[in-house]
Structures are given as structure tokens and as C-alpha cells.
2 protein chains.
Amino acid sequence: MGRVSDLFAPETVAVVGATDREGAVGRAILENLRADFDGDVVPINPGQDELLGLECYPDVSSAPPVDLAVVVVPPPAVLEAIEDVGEAGTEHVVVITAGFAETGSEGARRERELRELADAYDLNVVGPNSLGIMSTPVGMNATFGPENAREGSISFMSQSGAFITAVLDWANEQGIGFRDVVSLGNKAVLDEGDFVDAWGADPDTDVVIGYLEGIDDGAEFVRTARDVTDETPIVLVKSGRTDAGAQAASSHTGAIAGSEQAYEAGLEQAGVLRAHSVQELFDTARALAGLPVPDGDGVAVVTNAGGPGVLTTDAVGDSYLEMATFTDETIDRLEAALPDEANVYNPIDALGDADTGRFATALEIVLEDPNVDSAIVVSAPTATLTYDRLAEVVIEAQQTHEKPVVTSLMGGQRARAAEEVLREFGIPNYFDPSRAVTGLDALARFRDVRRRERDEPETFDVDRDRAREILARADDRVDNRLGIESMDLLEAYGIPTPDGEVVDDPAHARELAETIDGDVVMKIVSPDISHKSDIGGVKIGVPDDEVEDAYEDLVSRARAYQPDARVLGVQVQELIDLEGTTETIVGMNRDPQFGPLLLFGLGGIFVEILEDTAVRVAPIGEDESRSMIEEIQATPLLRGARGRDPADVDGVVETIQRLSQLVTDFPQILELDVNPLVAGPDGVQAIDLRLTVDTETETETDD
Amino acid sequence: MGRVSDLFAPETVAVVGATDREGAVGRAILENLRADFDGDVVPINPGQDELLGLECYPDVSSAPPVDLAVVVVPPPAVLEAIEDVGEAGTEHVVVITAGFAETGSEGARRERELRELADAYDLNVVGPNSLGIMSTPVGMNATFGPENAREGSISFMSQSGAFITAVLDWANEQGIGFRDVVSLGNKAVLDEGDFVDAWGADPDTDVVIGYLEGIDDGAEFVRTARDVTDETPIVLVKSGRTDAGAQAASSHTGAIAGSEQAYEAGLEQAGVLRAHSVQELFDTARALAGLPVPDGDGVAVVTNAGGPGVLTTDAVGDSYLEMATFTDETIDRLEAALPDEANVYNPIDALGDADTGRFATALEIVLEDPNVDSAIVVSAPTATLTYDRLAEVVIEAQQTHEKPVVTSLMGGQRARAAEEVLREFGIPNYFDPSRAVTGLDALARFRDVRRRERDEPETFDVDRDRAREILARADDRVDNRLGIESMDLLEAYGIPTPDGEVVDDPAHARELAETIDGDVVMKIVSPDISHKSDIGGVKIGVPDDEVEDAYEDLVSRARAYQPDARVLGVQVQELIDLEGTTETIVGMNRDPQFGPLLLFGLGGIFVEILEDTAVRVAPIGEDESRSMIEEIQATPLLRGARGRDPADVDGVVETIQRLSQLVTDFPQILELDVNPLVAGPDGVQAIDLRLTVDTETETETDD
């Protein structure tokens, strides 16, 4: 199949289902294409010889060679049209027609067939149920929307066609330009990952933005996007974030929305920046499209207005950025250059009577300061200041110093002309200073995304065969669950557990206890009893000579609780000294879109009540594993807060990585909980384990 | 002194320091006034007979009666000018001139004298260092700014003049109108509280908004604003929220910014809505100015665009509001009225081919639903929809049903005309649907502010005389601190404490222990030892016959730790059973602006590491006290999470109220910590106490 990027650079476009009927979609597309497209437009309609002055053909096969076919025929005719396109050797298709998977089982069947045809002919298909695509470098508007885009360096994909039409009219007014635009429609063939990939390789796309309601293969998207964000920023609005929104999204697209936790983790790991509203999407995109990324987080604010300067400083305080601390030399130079009453500390208040010269001087001085990585020029309109000239000053300073500068030249009509000049040089102006900070903030975040090292998962030396055997035990278990009797699974993956085993008679229990130093912990082991403590099924600190009695007692408690409970035996375990340790939890559940999601948190109330957890898509390496620990609020407890000895954080980090490897090696593990994983100054120990296994899934081979 | 509201309704305005010199502030004000003001304008300048065609007088005393004098003479001449104004019987003055407290000690002296003159002549003074004031009903622009405001119902105060000029140009473009506008300047006489009070009584002010950098008398402002918000919404941007911002604010205004925690608590208690950016301030104000408040939180969303509908739903999910659940009748009616493919559940997707009639029908049906309290109409531009006609539909529906409706008719130029029509009927249109939710959200929040019951502090029957005597002990103490030896202070205010006393010899200790049930807790009492546990200064569970030895041991440990430590004795206390209890903390510190700030949280890591605390300005009643407990994240622990018995929450509530009374009765208490206040199923007990007393402050009288 042709390259996805070629979709946006055809020389000849056919409109299959073109018509001259007023109000018809087939006419709107033909007219939009005819208006600005640099290449040839070929209407396809068996009933016409000519349409709107263009020679018309009965099918693509009989037309001159076509690079891209836009299909707008009624639903039942779509498959036949695609076949014609495929036979003609055309590689790229946009299916505008709706009435596929979004409408029920008949449509879903038709969509499957469409996908099969695309496979058979090796076609790049956009849609179905798409508004169409645009590409401004070739003047192509292959949509039925009312507006064409202005030229720019933002490439834009949307799962909602209406989102595109809603945005374009506004973006044109704001002077925001695009390179390629695609309405993804039902994503039967090409999806968000394909476009991210194509635009990542396009040197003229400065930023990729998108509106998505769901990502079908989250894990794959994370891999693709991770590569792209090494060079090109991606900003996404992923709607359906809230419960109400997720429900609305799923009734809108007919797809399962997936869990927000998974999206949050996956997109973050992929280096994707998330926006939560249309405005934030474009405030961010405008900065990313036109400006260099800053080397550090220090921002200088230069203003003629104290109040807005303070507001800007607050917004910096809320952001990823920080107010730069000027060097002594900068302070000296500012003091010499500005009036006595001016504030020469950051934010610089150049006073209400500042003219463009004073702004130029202040900006020049601060941009030379090594502590300043970016700058924001904030101003109120005054009699002494001409915004148009201020714009020129800002442009010159930005270009000389190669540091990003954004502006908040506040005002309405008064700021328009200056805004236009700034825009030509890639500098976004924002009415609200806090939005200017949003723009700069995205640049700084993207810098850190780009600088990230690859966090390759480590491959530990583990005993996979043994693990596979242990997991096979789940075949015989209620709900396919395994518990503490399978702690050897953790051992097989090199995760420390207390000495101990499950035994099935009192004498064995005693023998075992005698081989273990000190008193022991004894727990009833039964697939029918999940809350052992509640029924008195756990005994802590049993001396060796009481082990046999304790065994009998545990079993009789289990029988009393549930007469037909299947008792596998009793676990006899080394008594771990919990003094000075912290309970943590490492868990995993499998997300339909993103696969295995790892969760880390401190035990008990921290996870259950405070919901203080960190989540990542597995597999992860050491950096991500460590970042999970840093992310939770309660992490100072592990680091030795309140006079405790610091716990073995490295041990926790390694345990998370080993569990990441385990759940990646065995896709049949559906859920897993190590709770608690006790972390103390001398190391970690997994004390308890529960997991659910999908006994239908084959284990992947080792090699 | 005349009413503050009369500042905005003068018949004659004098400009003291008027001139015809180009570029002078005195000319700008004269021209601004001459342009639109309904009343008479009188220039004052001893060197001129006439200015810009107006008869000029040498001073206010010799001019015809003047209601408002705007003073723009140079700083050294201001005081004389004010005297002249006072002698002439003019009651209202705006001082534009800068060079007062913001510039150093000379200016500060001048500002004090200005304040004295204002007192002497009973003058309402705005400023100094003010941009001026405006009032659109009389066409008065008594500022030197370049723009006059449009007429509207928003009254607007700002501590930054530049903020006003920056906003007005933009607001005029956006069609946002104002009633009164005031640039507060240095607030030497009139401050934010005076204007909030005046506008609260003004039936034509629908909403009060402000930009503030600091509030000098926070406690007084809270009382004033609390009264006003019973009727009129107040929305404030209080800058200096972040550390960096606070530093910038204090260097801008020369005032101490005060703690953000205090502002947050105080403004919330006053029912003030806070905005964090210029845009949020106006997004909120536009909704509050024009629409009725909704009865409940249920929102209906009606759209022709699935994607934007989902985004709107997400924004509702993030807000105070919730998506309304339609009644069965509504669903039936929608199903009958809309095409089969439409989504009749909330958000209603009326489909891309919806015309205004379909919108009208859907809107009509949902607004009749008792579960729907407000609605948002969201649309993308389409060929089948005319925004101007849609605007009419929305206006009619809103007026018929008296429920607030806001719109997000997305687009740029395409939406302008419709926006204008909607605006005339008080309906704000927002390009971004999430901003539409911000507007509606403010209406719902304000409804709850207005509905709030007065939370009058209860007056408990306490022993103030005894408390006063105990506090007097601090005179002799290092740093004026009191500790556990003063637990009787809590007893005097009816707060439960364990049985016990401080004794000063071993025999007394034993005698006391014998009167107490069971073993006792013994703690060294020394003003020089603050961390008793660290030096082994606490013994828990001492049997009666070991009390004497324990006494000696505690004293010798204290001596070993610090040979010259002053030992007041040993506290012998009932041993409280902590099993099943939760440690809480109630603290107080005094904020320079807001006075006593109460803090509540759970003990240990919850306050120290997780910073999970609730703060209020005292005095508070039962409702606020209870809300502090509800506000913290860890509150389920008190309510009986994880199988515990619920603690006596009412006891905690009452203890907070009694401490509120204590710190209000005795302003000399600078800081106080009850830590822990142990809460169990059977009640609460204060176990430890520390406080700092300002021994210079006189105790207020009892009556």
C-alpha cells in the first residue's frame, strides 16, 4: 500500500459520486476541490459526461490515472466503488459515505467488507463516515465542509467531523494555519497511529494535534507516538475523560471508550501532551508550531503593567515553568537602563510610561541572561506605546536570541494589527497572560519529552518454565484465581518472599516451622476464602510447639465459616519483623486498549481512601518504575519521613520491573496483586499474592 | 461622609489640575469627561480662565457647587487641593496623582496626611494613584484611560489601573458592558469593602467583579462580602496566589500580600467566587450578569455535533454541575420528535443535518423536564443551520422557561451576528464549550452561596475568667509559650481532656496516680523541652507503685538533656485507650489580614506529608466546623472506613467550635495547637496542647 503521506499530495483526485445537484455532498466536495486544488479533479458519475465544466467518467477504471479517490456514493454502492478504485490501481481512498459500523449490525458487516477490500487491493482508506481531508500545500480541500484551511505547519486529525468545521471558521479568523487535516471517521483502515506516524516523518509538520474519542490499539499507539515525539510534538484532546463524558463518547462512536487511567498513563508514556479544551489545544499548538523549545524552565516577564505582571507570575507559578532569577549583571544593567521607579527584578515592571525602546532594552538584557530560557512580554495599551512597533521589537529580540518569546499585548481591536505581524514570525499573542503561559509551558514540557532517554525494559534472568507450570494450576481453581499458595510464582521471577510453604497436615507444618528461624505466621489456604483475616484464618507469631494445634484450629475455623470450603492446606511462613517497614501495593489489570496496567501505591488507606496511586502501561524500564514511586504523594514515607530509616526504594523499583516482565511474558495473567509488598531499610518482601488467570489464553513461547 | 454610591452619580465634576497641554493627564481626564458625561464639567486651574471651551476656576471653593473632584495636581500640591475640596463642601474625591505610599517614606507620610484630611472633612476618597472612575449610566469617564466602557450591569473594581485599560478595549470588542468602574489605587481611604458594600445595595449592579492584589482588613471584608453575596454575586481575581506571584504583588503594591490559605478560606466563607485568569473572570461575569440562577445542578446539552457534545459533557463532569437524567416522558417525546439516528439521551445529538426547528423542539422538551435546571446549546456550523435564527430560538426558550441557557455556537466570523443578538438578551456565547460550562457553573455555585444559612457562631457557656488567668501565666514563660501544664485552659472552655494534673514532687505524683483509674501516663513539663518524646520524657502505662521512681527518672532525663532546663514538674494523666481511635489536630494561627485561622486535619503524616487540611477564618458556627471535617480527603477514617467504629464526629465539630470561641475571645493567643485531639466512638479527648500568647495584648472585656 502507498505511503500514508501520499494521501495528502495527489496530482489527480477523483470524486466518486460527484453531482451538480444543489445541496448534495457530492457537489460540495467537487466545488471545494475545484476552488483551490493545484492538481486535476475528475468527477466520476456514470450518468454524466461533464460536471461543473469538468469532464466526467463512469468509473475510476475508465478515467485517467487517479491518485486519490473520494467516495460519496450511497452506502450500498460503496463496496463496488472501492473495488473499481482498487482495480484502477488507485492507492488512496477517502470514504465520506456514512452508514457503516456507527449504525448497527448491517453497517458493521459492510465495514468489515470494506476492510477486506482494502486489504485485498492494498488501499489506504480514510473513513468511512469522514468529512474528508485537506492539504494546504497543494490547495486540496477534499471535504464537504464550508471552509478551507489557511496554510500553516499544524497537522490536524479529528474523530469528529463537526469538530473540524467548528474549529476551521474560528481558526481562519484567528489566523491559525494548517498543513494536513483529516477527519478520521470510523477508522476502518487508517487510524490515529497511521497519521501520527506519517506526520512525524513530514519535515513541514511542526506539530500534530488531534481530537480523539478513543484509541483502538492503545499499546501500538503508544509505541508509534513515542517515536514521533522524539522530534515532533503531539497534542491531543482525548474526550470522554469523565464518567459522563465516557458514556457520551461511547454512545456517539459506538466504541468502548476505555479507561481514563489507561489513557492518562499511556499518552504520558508516549510523550503526548494532553489538552482539555479546544482553546487549550490551540493555545498550545500555536506556540509549538512557531517557536524554538527553551533550554530550561526560567521565564522572564517584561511588562508595563504591574497587575497583569503579577497575574502572569501566578500563572508561571502554577505551571511547569519557573520565574528566572536574574544574574547580578542583569540587575545592574536593568538598573542602569530603566527609570528608578521600575522594578528590575522578575517580573520587570518597565512602568506605565514605557515606550517600545524601553521594552526593547529590557528584553535585550534579559534574553542575554543565561538564567533566562524564555520570555513573556505583557502589556496594557497606553498612550506611550504603539503595539505595532512593540511587535517588531519582540520579533527582532526573539530571532536574535533563539529563545522563545510569547506576548500578551492585552486589548481588543487595538492589538489586531500587531498580532498579525507577530503571527507571521511564529509568535503567538494571547489576550490573557495566563494563556501565554500555557503556550510557553507546552514548549518546556515538549523539551523534556524530547530529551527523555529510552526507558528500555530490563530483561531479568527468570524461570519462565516454572512460572508457566504454576499458572497452569489456575485451570482447576474457582474463577481461575491463585493465591498465597502460589507465592513460588514470585520466586520464579526473583521477587523476595518470606521463607515458607503450604503444607497439608499438622505434622508437616511443625516440621517446616522447625526449619524456620523464630516463630511463624500461619494462614489458611482455600480458594473459597478470600478474606482470611476476617474469619480468624491468620495466626501471627506461633511458636514451633503450638504449630500443630494452630493447624487444627485454622482448619476448623475454615470449616465453621463454610463447611464445604476446599482447604488446600495451611501456609507456614517466616515471621517478618514489620517494625520500621512500609506496606506497599503493586498491582496489574489488563486494559482492553492498552494492555497490562501496573499500579503502585502505599498499602491500606493510601490506595483505598486517598487513591494515591501511580499507573503505567507495561512493559516499563527502570526510569518509569522509579517515577511511579516519585509520583505518589505519600512517597516521603518510603524516603524516611518522620524519623524513620529510608526503605529500600531500589528494591521496590526492581520488584515493579520484575512484575512488569511477568505480566508481559504471560498475557494470560488478567489481574495480579502483590499486597502487601513490605519495604524496609534492608529490602523488600512480597507477603501476599492474588491473581486471576485466563486459562483460555496460550502462553507465548519463551523465545 | 456621603454615600459611596454617590461617587458614581455626580451632577458636577471638577478636574483639579485640568490643563490643555497635549499628552497631560489633566487634559485626558477633561476630554474624557467632556466627551460623554451627562452633567457639568468644571476645570480647576488658577492660571486659566477657560479650558477646552469650559469656564475654568482657580479653586473648588470659588467654583459652582461640585459633587466630585478629580485631583491630578503634582504630589506636593495634592494635600492643599484636598483641603480646598473639603472647605468647598464637596464630599467625593478621586486622587489620580501618584507618588504616595507606593514610593517610599516621604510618600507614605503624605498618604497619612491625606487620610487625616479625609477624616477631618469627612471625604470619600478614591486613590491616590488611581486611574479614575467611570459610571456608564451618567456617561462619566473620569479616568485618563483611552477607552470609555459600554453600558452594562457589571460593576468592576481593580487594584491595577493597567488591568482596567487592558480589559476595556477587549471588553468593548466583545460587547461586554459595565455599570461602575473604579481603579482603587492605594486605597488610602476607600477600599474594596466599601465598593462591594455600595454595589451590593445597587439594584442595577447584577454582578460585582474585581482584580485585587491584597485585602488590608480581610476579616472586615469577609463580613461585608458575606452580606452582599446573599443577593449579588461577587467574582474576584486575587493575584499573588502562588509564592512567586505573592512576591511580585508585594513588590508591585508595597503591601504584604498575606497568605493564600487565608484568602482562600476567607473568600470562600464570604461566598465570593474566585477566578484565576482574566478570561475566567469574564466568562463567569457574563453568565452571572444576564441569567437567572438555576434551581438545581442538572444540565441538558443539545447539539448537532457529537464530538463537541462529548467535550461539553467532560467539562460538565469536571464542574459543580451534573448531566441531567431525563424523565421517561422526555425520552418518549424526544424519540417522537427527533430522527431515529439521533441520540435522545443527554447529551442530545440532534445530528449534523439539524435545522433550527429541530433545535427548538429538543430545547423545548428538555427545558420542560423537571430534572433539567439549565441547558447548553452547542453547535458546529452546517449548511442546514442559520446561527442568527438559532439565537432567536435560544432566546425564546430561555425566556419562556426561566432556566438559564448558555450557548457555544462554534465558529469565528460566522457566529458574530448571532452572538450580538444573544448578548442583548443576556445570553453569553462561548467559542469553547468548556467555557460555556464555566459560565453555567458559576451560576450554580452562586445559587448555593445565596441559599446558605447564616452559620452563626454558637456561644458556649465557658469560664472566661479562669482562661484569662491561665493565659496570664505566659508572662513568665520563655517565648510566651504554654504547654500541657495549661490543659486546664481547654477544660475552662469545655473541651474534654484526660484526668490529670501537673505535680512537682514524687509523692504528690503517687497520690494523684492513686486517684486515677488504672495505670497512668507521665510527661516531663518544661518550657525548655518541646519534643518530650525524643528525650524519653514520656512514660506510658506506669502502675501506681512505680510512679515515684518514674518521676525521678523523668526529671533526671530532663537534666541530662539540658542541665539548666526549668522543670515545672511532671504531668500525671489518665491512660487513654487509643485502640479504635483516630488522632486529629485542631490548630490556629493568626493571619495579619484575616485574623484567627483555624486548621483541622488528621494527625501525623496526614497533615505533615499529605497536607490534607481544612482552614477557616474564625469565628465559625456548626456548619463551617462540620464542613472542615468533610473537606479533608481522609475523612472516611473518622466515619468508620475499613471496618472501624465511626468516631464521635459531633464531638470533633463541637471542639472546633469551642476553640473558635476561645481564640476569638482572646486575641492574645497567637498560635494554638491541640495535637492530638483523639476521636473515638465514645467521644473526643484533647491529649496535648501548645500555644503562644502575645503578652502585650490586653484581653478584651467579657461583656
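First the proteins, then the strands, lettered A, B, ... as listed; each starts at 1.
Note on A/Ile164, A/Leu409, A/Leu311: by heavy-atom pairs under 4.5 Å with chain B, the leading option is A/Leu311. Chosen from B/Ser277, B/Ser158, B/Gly145, the residue pairing most often with chain A at heavy-atom distances under 4.5 Å is B/Ser277. For the set B/Gln413, B/Arg435, B/Glu341, B/His276, the entry with the most heavy-atom pairs within less than 4.5 Å of chain A is B/Gln413. Of all the listed residues (A/Val316, A/Asn346, A/Thr313), the one sharing the greatest number of non-hydrogen pairs under 4.5 Å with chain B is A/Thr313. The candidate with the highest count of non-hydrogen atom pairs below 4.5 Å against chain B, out of A/Ile605, A/Asp534, A/Asn304, is A/Ile605.
The shortest distance between side-chain heavy atoms of A/Arg241 and B/Asp318 falls below 4.5 Å. The shortest side-chain heavy-atom distance between B/Arg416 and A/Glu173 falls under the 4.5 Å cut-off. Looking at heavy atoms from C-beta onward, A/Glu280 lies out of side-chain contact with B/Asp432 at the 4.5 angstrom threshold. The side-chain heavy atoms of B/Val278 and A/Met410, taken from C-beta on, include a pair separated by under 4.5 Å.
Contact annotation for A/Asp243: neither backbone nor side-chain heavy atoms come within less than 4.5 Å of a heavy atom of chain B. With a 4.5 angstrom heavy-atom cutoff, A/Phe606 touches chain B only via side-chain atoms. Only the side chain of B/Glu147 has a heavy atom closer than 4.5 Å to any heavy atom of chain A. Within the 4.5 angstrom heavy-atom criterion, no atom of A/Ala383 approaches chain B. Contacts between A/Glu611 and chain B at a heavy-atom distance below 4.5 Å are absent for every atom of the residue. For A/Thr165, the parts sitting under 4.5 Å from any heavy atom of chain B are the backbone and the side chain alike. Only the side chain of A/Phe431 comes within contact range of chain B, with at least one heavy atom under 4.5 Å from a heavy atom of that chain. With a threshold of 4.5 angstrom between heavy atoms, A/Val237 approaches chain B through side-chain atoms but not through N, CA, C or O. For A/Gln279, the parts sitting under 4.5 Å from any heavy atom of chain B are the backbone and the side chain alike.
Heavy atoms only, all atoms of each residue included: B/Pro381 and A/Ala166 are closest at CD-CA, 3.6 Å. B/Val310 and A/Ser239 get closest at one heavy-atom pair: CG1-OG, 3.3 Å. Here the closest heavy-atom approach between residue A/Ala380 and residue B/Ala162 is recorded as CB-O, 3.6 Å. For the residue pair B/Met323 and A/Ala244, the shortest heavy atom distance occurs at CG-CB, 4.0 Å. Nearest approach of A/Gln633 to B/Leu610, heavy atoms of both residues: CB-CD2, 3.8 Å. Residues B/Arg414 and A/Asp169 share a closest heavy-atom pair of CB-OD2, 2.8 Å.
The number of heavy-atom neighbours closer than 6.0 Å to OH of A/Tyr320, taken from other residues, nucleotides and ligands shown, is above 12.
For the residue pair B/Thr242 / A/Asp314, a side-chain donor-acceptor distance below 3.5 Å is found, with atom types taken as modelled.
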